[in-house]
Amino acid sequence: MTTRRQLLGAALLGTLSLSGCGFRLRGTFNLPFKTIYLQIPANTPMSTLIRQEIAAESTVTIVDDPAEAEAILEYLGQSRSSDVLSINDLGRAREYELTLSMEFRVTSPDGYLYMPSTRLSATRSLSYSESEFLSRAREEQFLYRDMQADIVNRLMHHIEAIKPRSETGE
């Protein structure tokens, strides 16, 4: 019984010390809005990722009408690139650098700019072997999905840092 109390006491003490230092679980976001409208092409991997992240990791409600939202997340586009990092002794590409860039901004329904157009990028290296051509394509798809998830996570942190209108003096 004493050991159980000691463990409970240690767990409680650990929890209190972590909460006092600002610790929080990775992935939970305190977004400054109660409602948000996503101006993102529907049924895309990016739309799905953002919806899942907001639904699972915040208390924000995604609305279907921009007039009902406190904020509008606008997806302004993306670009992908692939650059050769190294070549083999035959002059063929051996390693690539994949880059994914996406651009977003956050506004209010009346046009107030919470977050100006912001470009977020992620890069990954991809080794290439001619004997593993099919696996390279699958690995490239996996890396792009991983970069999308990384960008969405960083986007949530950018949105989390937005100051509500009442704090900006407007």
Side-chain angles (χ1 to χ4, degrees), residues 15-85 96-126 128 134-170:
T15 302
L16 289 174
S17 66
L18 285 177
S19 66
C21 73
F23 174 80
R24 67 174 181 180
L25 293 174
R26 180 178 187 259
T28 53
F29 302 103
N30 296 315
L31 302 182
F33 311 109
K34 291 184 178 110
T35 57
I36 193 166
Y37 174 77
L38 303 179
Q39 191 171 322
I40 300 170
N43 301 321
T44 62
M46 181 52 60
S47 173
T48 302
L49 275 173
I50 290 174
R51 286 179 184 280
Q52 288 174 344
E53 193 74 20
I54 290 173
E57 306 298 341
S58 76
T59 58
V60 175
T61 302
I62 299 171
V63 295
D64 294 327
D65 182 8
E68 297 174 1
E70 287 181 55
I72 299 171
L73 173 61
E74 296 180 59
Y75 172 75
L76 302 174
Q78 80 173 15
S79 64
R80 290 182 175 195
S81 66
S82 176
D83 298 314
V84 176
L85 284 180
Y96 290 92
E97 180 180 71
L98 305 176
T99 302
L100 178 65
S101 295
M102 297 186 172
E103 195 167 349
F104 303 91
R105 77 176 171 189
V106 179
T107 63
S108 69
D110 64 2
Y112 179 78
L113 193 61
Y114 285 115
M115 182 178 87
S117 176
T118 303
R119 180 172 290 276
L120 300 173
S121 297
T123 59
R124 301 289 188 274
S125 295
L126 173 65
Y128 176 68
L134 293 177
S135 65
R136 177 190 172 266
R138 278 184 274 145
E139 185 177 357
E140 185 174 330
Q141 288 175 349
F142 173 78
L143 290 173
Y144 276 119
R145 279 195 309 266
D146 183 54
M147 287 188 282
Q148 280 183 330
D150 180 42
I151 288 173
V152 168
N153 188 279
R154 290 177 26 224
L155 172 64
M156 292 300 117
H157 286 291
H158 276 73
I159 295 172
E160 186 177 36
I162 291 173
K163 301 284 187 238
R165 263 175 126 162
S166 60
E167 291 181 23
T168 60
E170 297 205 22

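Any value given below was found using the heavy atoms of this structure, including those in side chains, with hydrogens, waters and symmetry copies removed.
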What's the spacing between [X] [atom1] and [Y] [atom2] if we round to 0.5 Å?
| X | Y | atom1 | atom2 | value |
| --- | --- | --- | --- | --- |
| Ile40 | Ile72 | CD1 | CD1 | 12.0 Å |
| Phe104 | Leu38 | CZ | CG | 10.0 Å |
| Arg105 | Leu113 | CZ | CG | 6.5 Å |
| Tyr37 | Ile62 | OH | CD1 | 11.5 Å |
| Asp150 | Met102 | CG | CE | 10.5 Å |
| Gln78 | Met147 | CD | CE | 10.0 Å |

Find out whether [X] and [Y] are in side-chain contact, i.e. whether some heavy atom of one side chain is under 4.5 Å from a heavy atom of the other.
| X | Y | result |
| --- | --- | --- |
| His158 | Met115 | yes |
| Pro66 | Pro109 | no |
| Val106 | Ile159 | yes |

Taking all non-hydrogen atoms of both residues into account, name the closest pair between [X] and [Y] and its distance.
| X | Y | value |
| --- | --- | --- |
| Ser47 | Pro41 | CB-O, 3.3 Å |
| Leu31 | Ser58 | CD1-OG, 4.0 Å |
| Ser82 | Tyr96 | OG-CD2, 3.4 Å |
| Ala69 | Val63 | CB-CG2, 3.6 Å |

Testing [options] for side chain to side chain contact (heavy atoms under 4.5 Å, CB included) with [X], which one passes?
| X | options | result |
| --- | --- | --- |
| Leu98 | Leu126, Asp146, Asp83 | Leu126 |
| Val152 | Thr48, Leu49, Ile54 | Leu49 |
| Gln148 | Asn153, Ile50, Thr44, Leu100 | Leu100 |

Inset, instruction - Scan side-chain atoms only and decide if Glu68 and Thr35 contain a donor-acceptor pair under the 3.5 Å cut-off. - result: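 The answer is no; no qualifying pair exists.
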
Please answer whether the main-chain N or O of [Y] pairs with a side-chain N or O of [X] as donor and acceptor at a distance below 3.5 Å.
| X | Y | answer |
| --- | --- | --- |
| Glu70 | Lys34 | yes |
| Arg124 | Glu140 | no |
| Thr118 | Pro116 | yes |
| Glu160 | Asn30 | yes |

Legend entry - Exceeds 12 heavy-atom contacts within 6.0 angstrom, atom CG of Asn43: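 Incorrect, the count does not exceed 12.
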
